[in-house]
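First comes the structure, then the notes that go with it.
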Amino acid sequence: MNYWLIKSDPQSYGWEEMKKDGETLWDGVRNYQARNNMKLIKEGELALFYHSNTDKAIMGEVVITKEYYQDPTSDDPRWCAVDLKFAKEYSKPVTLAQIKDDQRLKDILLVRQPRLSVMPIKVSEYDIISKYAQK
DNA sequence: GCCAACGTTGGC
DNA sequence: GCCAACGTTGGC
């Protein structure tokens with residue numbers, strides 16, 4: 001079981017829409033590293049849903065319902081999409097500031113590589129974040 | 001709204 | 001294949 005973090009700009013697709021839709025396809029990734037990560041995601045794995053720009057916080061969790069396939073928004077076979085389903089909303093979103101303040105999370109890719117939009121999360125990191133989410 | 005960081009593109 | 005120029009992202 002691997003954990004992931006996906007980033008979204010709420011102006012293009014926000015957590016509210018994710019909740020309302022229940023299920024959606026995650027497309028439009030045009031970055032090789034993010035794409036490579038996306039190809040490693042397996043059906044049934046969990047991803048943290050992060051809002052960039054306005055909230056700068058992890059809003060909740062989603063489950064991958066379909067592994068990577070050709071991105072329907074592109075004819076270019078290099079790009080792919082996955083399907084996601086709403087899993088749970090955090091009672092307290094975990095903010096970037098909290099993450100940055102926690103020494104144990106200093107190596108998290110969210111901080112070290114701020115522009116990457118799909119990234120793996122270590123189990124230890126996931127555990128810390130989910131504890132913050134319940135507080 | 002600005003700017004730094006980074007990825008991508010294109011000319012050589 | 002290198003590197004400068006440019007575009008995009010995202011934090012502040």
Side-chain angles (χ1 to χ4, degrees):
Chain A
M1 178 74 179
N2 295 301
Y3 295 95
W4 306 90
L5 184 145
I6 57 173
K7 276 205 272 198
S8 182
D9 181 347
Q11 280 165 355
S12 49
Y13 189 87
W15 180 241
E16 291 307 315
E17 280 169 277
M18 181 74 239
K19 269 201 295 183
K20 183 161 62 69
D21 292 348
E23 191 162 4
T24 191
L25 78 160
W26 204 252
D27 58 19
V29 171
R30 296 291 181 269
N31 168 286
Y32 288 110
Q33 213 182 334
R35 191 276 317 265
N36 292 342
N37 288 333
M38 207 150 90
K39 285 192 167 180
L40 298 172
I41 303 179
K42 298 278 188 297
E43 188 176 322
E45 290 185 334
L46 262 180
L48 307 174
F49 191 107
Y50 176 81
H51 261 180
S52 61
N53 294 314
T54 50
D55 295 318
K56 281 167 288 173
I58 299 165
M59 309 304 290
E61 297 174 3
V62 293
V63 172
I64 282 69
T65 52
K66 192 172 173 190
E67 288 176 28
Y68 80 96
Y69 54 95
Q70 169 67 37
D71 186 339
T73 64
S74 171
D75 292 332
D76 194 326
R78 290 178 301 173
W79 306 120
C80 61
V82 295
D83 286 355
L84 310 172
K85 188 175 69 181
F86 171 85
K88 108 173 148 190
E89 180 168 45
Y90 285 168
S91 50
K92 289 208 146 195
V94 181
T95 65
L96 182 63
Q98 283 179 292
I99 290 165
K100 282 190 165 171
D101 279 349
D102 194 316
Q103 265 303 302
R104 297 168 298 171
L105 294 174
K106 69 173 169 39
D107 288 330
I108 199 169
L109 282 171
L110 185 65
V111 176
R112 294 188 45 195
Q113 227 178 317
R115 294 187 51 198
L116 187 60
S117 59
V118 180
M119 66 187 76
I121 294 289
K122 295 186 198 113
V123 178
S124 58
E125 292 165 346
Y126 173 80
D127 287 343
I128 294 165
I129 289 166
S130 51
K131 287 210 180 77
Y132 276 128
Q134 289 159 19
K135 274 182 191 161

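Atom set for the values below is all heavy atoms of this structure, side chains included, hydrogens, waters and symmetry mates excluded. Sequence lines set the chain letters: A, B, ... in the order given, protein chains first and strands last, and positions in each chain run from 1.
Summarising the geometry, the separation between CZ on A:Arg112 and P on C:dG10 is reported as 18 Å, rounded to the nearest angstrom. Note: CG (A:Leu96) to C1' (C:dG11) measures 8 Å, nearest angstrom. Going from atom CG of A:Leu116 over to atom P of B:dA5 covers 17 Å, rounded to whole Å. Between A:Leu110 atom CG and C:dT9 atom C1' the separation is 13 Å, expressed in whole Å. To the nearest angstrom, P of C:dC12 lies 17 Å from NE2 of A:His51. The CD1-P distance, from A:Ile108 to C:dG11, rounds to 13 Å in whole Å. Atom CG of A:Leu109 and atom P of C:dT9 are 19 Å apart (whole Å). Between the P atom of B:dT8 and the CD atom of A:Gln33 lies a distance of 9 Å, rounded to the nearest Å.
For A:Lys7, a side-chain nitrogen or oxygen approaches OP1 or OP2 of C:dG10 to under 4.0 Å. The side chain of A:Tyr50 places an N or O atom within less than 4.0 Å of a non-bridging phosphate oxygen (OP1 or OP2) of C:dG11.
No side-chain N or O of A:Tyr3 forms a donor-acceptor pair with one of A:Glu61 less than 3.5 Å apart.
Residue contacts shown for A:Asn31 are limited to sugar-phosphate atoms, with no base heavy atom under 4.0 Å away.
Of the candidates C:dT8, C:dG11, B:dG7, the closest approach to any side-chain atom of A:Asn53 belongs to C:dG11. Side-chain proximity of A:Arg115 to the nucleotides B:dA5, C:dC12, B:dG7 is greatest for B:dA5.
Ring geometry for A:Trp15 against A:Phe49 counts as tilted: the plane angle lies between 30° and 60°, on a 0 to 90° scale.
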Step-by-step side-chain contact (heavy atoms from CB on, under 4.5 Å) determination, A:Tyr132 to A:Asp102: CA-CA 11 Å; A:Tyr132 276 128; A:Asp102 194 316; 2.6 Å; yes
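For the pair A:Pro72/A:Leu25, a side-chain contact is recorded, criterion being any heavy-atom separation below 4.5 Å from C-beta on.
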